[in-house]
Participant: 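Have a look at this one.
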Amino acid sequence: MQTTTHTSPQFDRWRLASGLNAVVAAVALVIKFGDAMTTKDPQFPTVFGRFANELCYFTIQSNIIVLVVSAALALGPGRWSWMSGTPRLVGLVCITVTAVVYYAVLATDQHYVGIAKVGDVLAHAVSPVLFVGTWLLGRRGRFARHHVVEMLVYPVFWIALTLVRGAVIHIYPYDFVDVMANGYASVTATIVGLTAVAAALAMAAVRVDQRKPMSYSTVP
């Protein structure tokens, strides 16, 4: 005997949007990695070195998280429903911080052209908007307060790895974490401030998530 699973058009549109988000993040990553690997850099003379260096950027890692979470929830919203907790909150906060910091601090120093400009817009604007939007259209109650602490593990890990790597090879992905140029006091103050912002965003997301209506109950 066969059983038929019925889904609402709203649910189908949400899955389509999540799938689109995964595709956007994937295309952005392909362009960013492709540009980095084919552009000569005296600090990283090998293709592998340029690939590894690109992987250290917060933007890249945030879009990888967005890609994985969006694809999992689009393809298997029931099987991968646990992704709607800490993994989605990590992606939500990190991709939001990526967009805000980039356009507030870094964008004026970037001069991308051609396909590299497309990748830049996809990674820093389109991907964040889609990820935040699909979360807002999801059902409530997936985020809990303890997810805030779990979410902070990732940015703290990235900061620690960035500082240790920088101390060894004297190269930093962003100027604001460059202790050689700014000193540890300034970098520490910046890190504390960004961590506080990330925690505040996570707590606000939890509050919003828990107050959303139940009308989207079929959507993760």
Side-chain angles (χ1 to χ4, degrees), residues 5-39 47 50-103 106-107 110 112-139 142-143 147 151 154-155 158 173 201-202 205 208-209 212 216-220:
T5 301
H6 297 281
T7 59
S8 68
Q10 186 177 50
F11 180 58
D12 292 336
R13 288 194 296 270
W14 178 88
R15 290 185 67 181
L16 181 61
S18 293
L20 176 61
N21 198 171
V23 171
V24 166
V27 172
L29 290 167
V30 168
I31 294 174
K32 299 290 275 185
F33 276 115
D35 183 56
M37 293 166 65
T38 56
T39 302
V47 172
R50 293 192 291 273
F51 172 85
N53 181 61
E54 189 71 9
L55 192 59
C56 293
Y57 283 91
F58 196 78
T59 293
I60 297 298
Q61 296 184 19
S62 297
N63 273 281
I64 290 174
I65 295 170
V66 166
L67 167 60
V68 172
V69 173
S70 296
L73 294 179
L75 296 173
R79 180 181 180 183
W80 299 101
S81 61
W82 60 272
M83 284 276 195
S84 295
T86 300
R88 182 189 258 176
L89 185 60
V90 172
L92 184 68
V93 172
C94 290
I95 202 66
T96 301
V97 170
T98 290
V100 172
V101 171
Y102 181 76
Y103 284 108
L106 304 173
Q110 306 300 321
Y112 295 110
V113 295
I115 191 66
K117 180 65 176 180
V118 174
D120 178 64
V121 173
L122 291 178
H124 293 108
V126 182
S127 183
V129 168
L130 281 173
F131 199 71
V132 173
T134 52
W135 162 66
L136 287 173
L137 293 175
R139 71 182 178 191
R142 287 297 186 180
F143 291 166
H147 289 148
M151 180 281 303
Y154 167 69
W158 180 84
L201 284 172
V208 170
D209 192 69
K212 287 187 293 184
Y216 307 111
S217 59
T218 58
V219 182

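Below, each value reflects all heavy atoms present in this structure, side chains not excepted, and no hydrogens, waters or symmetry copies. Everything numeric in this text was worked out from a predicted model, so none of it was measured.
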Participant: Show the nearest heavy-atom pair for residues F131 and G91, with the distance to one decimal.
Facilitator: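 Shortest heavy-atom contact: CE2-C, 3.5 Å.
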
Participant: Rounded at 0.5 Å granularity, tell me how far CG in N63 sits from CG in N21.
Facilitator: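 Answer rounded to 0.5 Å: 8.5 Å.
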
Participant: Between P128 and A123, which heavy-atom pair has the shortest distance, and what is it?
Facilitator: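 The pair with the smallest heavy-atom distance is CD-O, 3.5 Å.
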
Participant: Throw together a table of side-chain donor-acceptor distances under 3.5 angstrom for residues 115-122, partners on residues two or more places apart or in other chains.
Facilitator:
{"from": "D120", "atom 1": "OD1", "to": "Y102", "atom 2": "OH", "distance (Å)": "2.6"}
{"from": "D120", "atom 1": "OD1", "to": "H124", "atom 2": "ND1", "distance (Å)": "2.9"}
{"from": "D120", "atom 1": "OD2", "to": "Y102", "atom 2": "OH", "distance (Å)": "3.1"}

Participant: Taking all non-hydrogen atoms of both residues, which atom of M151 and which atom of A202 are closest, and how far apart?
Facilitator: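 Nearest heavy atoms, M151 then A202: CE-CB, 3.4 Å.
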
Participant: Verify, without hydrogens or angle tests, whether D209 (side chain) and F143 (backbone) share a donor-acceptor contact under 3.5 angstrom.
Facilitator: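 Looks like yes, one N/O pair under 3.5 Å.
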
Participant: Mind checking side chain to side chain donor-acceptor pair (under 3.5 Å) for Y154 and listing every partner two or more places apart, or none if nothing turns up?
Facilitator: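 Residues passing side chain to side chain donor-acceptor pair (under 3.5 Å) with Y154: Q61.
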
Participant: Between L20 and L16, is the side-chain contact (heavy atoms from CB on, under 4.5 Å) condition met? List the steps.
Facilitator: CA-CA 6 Å; L20 176 61; L16 181 61; 5.7 Å; no

Participant: Judged by atom type as modelled, is there a donor-acceptor pair below 3.5 Å linking the side chain of W158 to the main-chain atoms of Y57?
Facilitator: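 No.
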
Participant: Decide yes or no on side-chain contact (heavy atoms from CB on, under 4.5 Å) for V132 and T96, but give the supporting numbers first.
Facilitator: CA-CA 8 Å; V132 173; T96 301; 3.8 Å; yes

Participant: Identify the heavy atoms of L67 and A22 that sit nearest to each other, and give their distance.
Facilitator: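 For L67 versus A22, the nearest heavy atoms are CD1-O, 3.2 Å.
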
Participant: Which one of L55, T59, V69 satisfies the side chain to side chain contact (heavy atoms under 4.5 Å, CB included) criterion with I64?
Facilitator: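 It is L55; the other options fail the test.
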
Participant: Only counting residues at least two apart or in another chain, list the ones meeting side chain to side chain donor-acceptor pair (under 3.5 Å) with E54.
Facilitator: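 In terms of side chain to side chain donor-acceptor pair (under 3.5 Å), with neighbours along the sequence ignored, E54 is linked to no residue.
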
Participant: Determine, step by step, whether L73 and R88 satisfy the side-chain contact (heavy atoms from CB on, under 4.5 Å) criterion, reporting the C-alpha distance in whole Å, the side-chain angles of both residues, the deciding distance to 0.1 Å, and the verdict.
Facilitator: CA-CA 10 Å; L73 294 179; R88 182 189 258 176; 3.3 Å; yes

Participant: Measure the spacing between SG of C94 and CG of L89 and express it to the nearest 0.5 Å.
Facilitator: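 Reported value, rounded in 0.5 Å steps: 9.0 Å.
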
Participant: Looking at CH2 of W135 and CG of L137, how far apart are the two atoms once the value is rounded to the nearest 0.5 Å?
Facilitator: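 So the gap between those two atoms works out to 10.5 Å.
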
Participant: What is the minimum heavy-atom distance between G19 and A74, and which atoms define it?
Facilitator: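 Result for this residue pair: N-CB, 3.5 Å.
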
Participant: Contact between I95 and I65 at the side-chain level, heavy atoms closer than 4.5 Å - yes or no?
Facilitator: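 I95 vs I65: side chains apart.
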
Participant: Heavy atoms only: give me the nearest M37-V47 pair and the separation to one decimal.
Facilitator: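 Closest approach of M37 to V47: CE-CG1, 3.5 Å.
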
